[in-house]
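Computed over heavy atoms, backbone and side chain alike; hydrogens, waters and symmetry mates excluded. Here is how names work: the chains are called A, B, and so on, in the same order as the sequence lines, proteins then strands, and each is numbered from 1.
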There are 2 protein chains.
Amino acid sequence: MAQVTAQALDQALRERGLRATPQRRSVLRAVTELGHATPEEVCDFVQTESAEAGSVNLSTVYRALELMEKIGVVSHTHLTHGSPTYQVASHVNHLHLVCRGCGSITEADLELAHPLAEAVRHSSGFETDLAHLSLHGLCGGCRDGERDEARGGTREQER
Amino acid sequence: MAQVTAQALDQALRERGLRATPQRRSVLRAVTELGHATPEEVCDFVQTESAEAGSVNLSTVYRALELMEKIGVVSHTHLTHGSPTYQVASHVNHLHLVCRGCGSITEADLELAHPLAEAVRHSSGFETDLAHLSLHGLCGGCRDGERDEARGGTREQER
DNA sequence: CTGGATGCAAAAGATTTGCAAGGTG
DNA sequence: CACCTTGCAAATCTTTTGCATCCAG
């Protein structure tokens with residue numbers, strides 16, 4: 001499994017005849033520090049936090065993320081309705097719990113999902129990619145608030 | 001839990017002071033027959049299969065789906081990178097296995113996921129909405145083909 | 001009748017792509 | 001030096017909105 005360091009990225013790229021560029025390193029660094037972020041967030045991060053390194057064009061971010069996903073350095077998940085979020089592959093040791101009430105994203109031990117992955121493998125021959133796993137539902141807090149808004153609700157900050 | 005029939009939809013709508021319109025029924029019927037479909041597919045379906053009923057504007061489809069999701073008649077999932085897919089809520093008795101190799105979507109017994117939901121509930125107090133659950137990975141067939149395309153591959157029909 | 005719903009067209013976003021210029025190996 | 005990459009701008013797609021008109025209740 002690919003590492004998170006710039007060196008590891010460089011190597012992974014060169015191994016495939018691809019080039020290690022400062023933009024790609026910036027994108028990787030952004031994904032690393034942000035935990036999970038949309039392409040746009042990555043772009044913003046690079047321009048802000050990594051100002052010294054200069055900015056990276058949004059389309060380059062898209063291309064870099066797609067490439068890095070292909071070589072296994074990052075992976076993406078659809079957390080909400082909007083853009084997908086990317087995360088460093090080696091950081092994938094937890095699963096995402098996306099609350100549709102407050103929009104919060106918490107994490108839980110990926111261990112919990114192994115039985116499911118195992119079961120699916122047996123029953124369907126399907127190899128589950130746990131890196132993409134995210135659960136949608138309601139966090140403890142929102143579960144309570146849900147009661148009285150049976151019809152209008154579930155959208156504190158949905159968008 | 002809401003039913004799939006037009007009558008049930010009408011009732012669910014009226015109960016909330018909302019209106020039962022032919023467009024909404026068409027959309028529900030499309031979702032029902034398609035199993036899981038994107039807003040666009042729903043729109044196409046209505047114009048083709050339900051031609052007699054006339055067509056429904058795409059934005060109406062979006063509004064209808066959003067509404068029906070709110071009242072619990074349908075639910076959506078992010079199966080692939082693209083648009084989300086909607087399904088009738090009462091049809092949610094299986095989980096989706098999305099193959100990133102061939103793009104195929106197969107189903108597995110939702111039962112398999114109960115232990116996970118249970119575990120998450122205990123450890124995090126998070127109430128998982130199984131209707132939104134989909135697993136990404138590789139189906140049996142693609143798992144074999146994967147071996148020799150370590151870098152170029154995984155995109156038979158990705159888009 | 002009255003207020004919610006629809007169609008249309010325009011607006012807003014999110015992604016992708018063509019291409020010339022630039023940088024890595 | 002060759003060829004992969006980037007930036008930019010334009011092209012696509014997807015989803016949302018404003019509004020006048022229409023229709024269910």
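- Counting to the nearest Å, the P atom of C:dA14 and the CD atom of A:E41 are 11 Å from each other.
- A:L130 and A:L79 fall into different hydrophobic clusters, defined by Ile, Leu, Val, Met, Phe, Trp and Tyr side-chain heavy atoms under 4.5 Å apart, directly or through other members.
- Regarding B:L58, its CG atom lies at a distance of 9 Å from the P atom of D:dT14, rounded to whole Å.
- Evaluation of the side chain to side chain donor-acceptor pair (under 3.5 Å) rule for A:D44 yields no partner, not counting sequence neighbours.
- Evaluation of the ring pair (Phe, Tyr, Trp, His ring centres under 6.0 Å) rule for B:H36 yields B:H96 as partners, not counting sequence neighbours.
- Atom CG in A:L9 sits about 14 Å away from atom C1' in C:dT24, given to the nearest Å.
- Within the structure, salt bridge (Lys or Arg N to Asp or Glu O under 4.0 Å) contacts touching residues 79-89 of chain B (residues at least two apart or in different chains) do not occur.
- Spacing between atom CG of B:L67 and atom P of D:dT17 amounts to 15 Å, rounded to whole angstrom units.
- With rounding to whole Å, B:E69 atom CD is found 11 Å from D:dT16 atom P.
- Between the C1' atom of C:dT24 and the CG atom of A:D10 lies a distance of 11 Å, rounded to the nearest Å.
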For nucleotides 8-10 of chain D, give me every protein contact, N/O to N/O, under 3.5 Å, one pair per line with atom names.
| unit_1 | atom_1 | unit_2 | atom_2 | d |
| --- | --- | --- | --- | --- |
| D:dC8 | N4 | A:S59 | OG | 3.4 |

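- In terms of the ring pair (Phe, Tyr, Trp, His ring centres under 6.0 Å) criterion, residue partners of B:H76 (sequence neighbours excluded) are, by chain and number, A:H81, B:H78, B:Y86, B:H132.
- Residues satisfying the side chain to side chain donor-acceptor pair (under 3.5 Å) criterion with B:S59, sequence neighbours excluded, are B:N57.
- Applying the side chain to side chain contact (heavy atoms under 4.5 Å, CB included) criterion to B:E33, with sequence neighbours excluded, gives B:R29, B:F45.
- Donor-acceptor pairing under 3.5 Å is recorded for the side chains of B:Q11 and B:E15.
- Residue order along DNA chain C, read from the 5' end via each residue's closest nucleotide, puts B:Q23 first among B:Q23 and A:S83.
- OP1 or OP2 of C:dT15 sits under 4.0 Å from a side-chain N or O of A:Y62.
- Comparing the start and finish of the helix from C:dC1-D:dG25 to C:dG25-D:dC1, five pairs each, the helix axis swings through 40°, to the nearest 10 degrees.
- Every residue was checked against the salt bridge (Lys or Arg N to Asp or Glu O under 4.0 Å) condition with A:R63, not counting sequence neighbours, and none meets it.
- Atom CD of B:E66 and atom P of D:dT14 are 18 Å apart (whole Å).
- Here A:A37 pairs with A:L34, A:E41, A:V42 under the side chain to side chain contact (heavy atoms under 4.5 Å, CB included) rule; sequence neighbours left out.
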Where do N or O atoms of nucleotides 22-25 of chain D meet protein N or O atoms at under 3.5 Å, pair by pair?
| unit_1 | atom_1 | unit_2 | atom_2 | d |
| --- | --- | --- | --- | --- |
| D:dA24 | N3 | B:R19 | NH1 | 3.4 |
| D:dG25 | OP1 | B:R14 | NH1 | 2.4 |

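- When rounded to the nearest whole Å, the span between CZ of B:R24 and P of C:dG4 equals 11 Å.
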Using residues 108-118 of chain B as the side-chain source, report each donor-acceptor pair under 3.5 Å to any protein atom, sequence neighbours left out, with the distance given to one decimal.
| unit_1 | atom_1 | unit_2 | atom_2 | d |
| --- | --- | --- | --- | --- |
| B:D109 | OD1 | B:E111 | N | 2.8 |
| B:E118 | OE1 | B:R121 | NH1 | 2.7 |

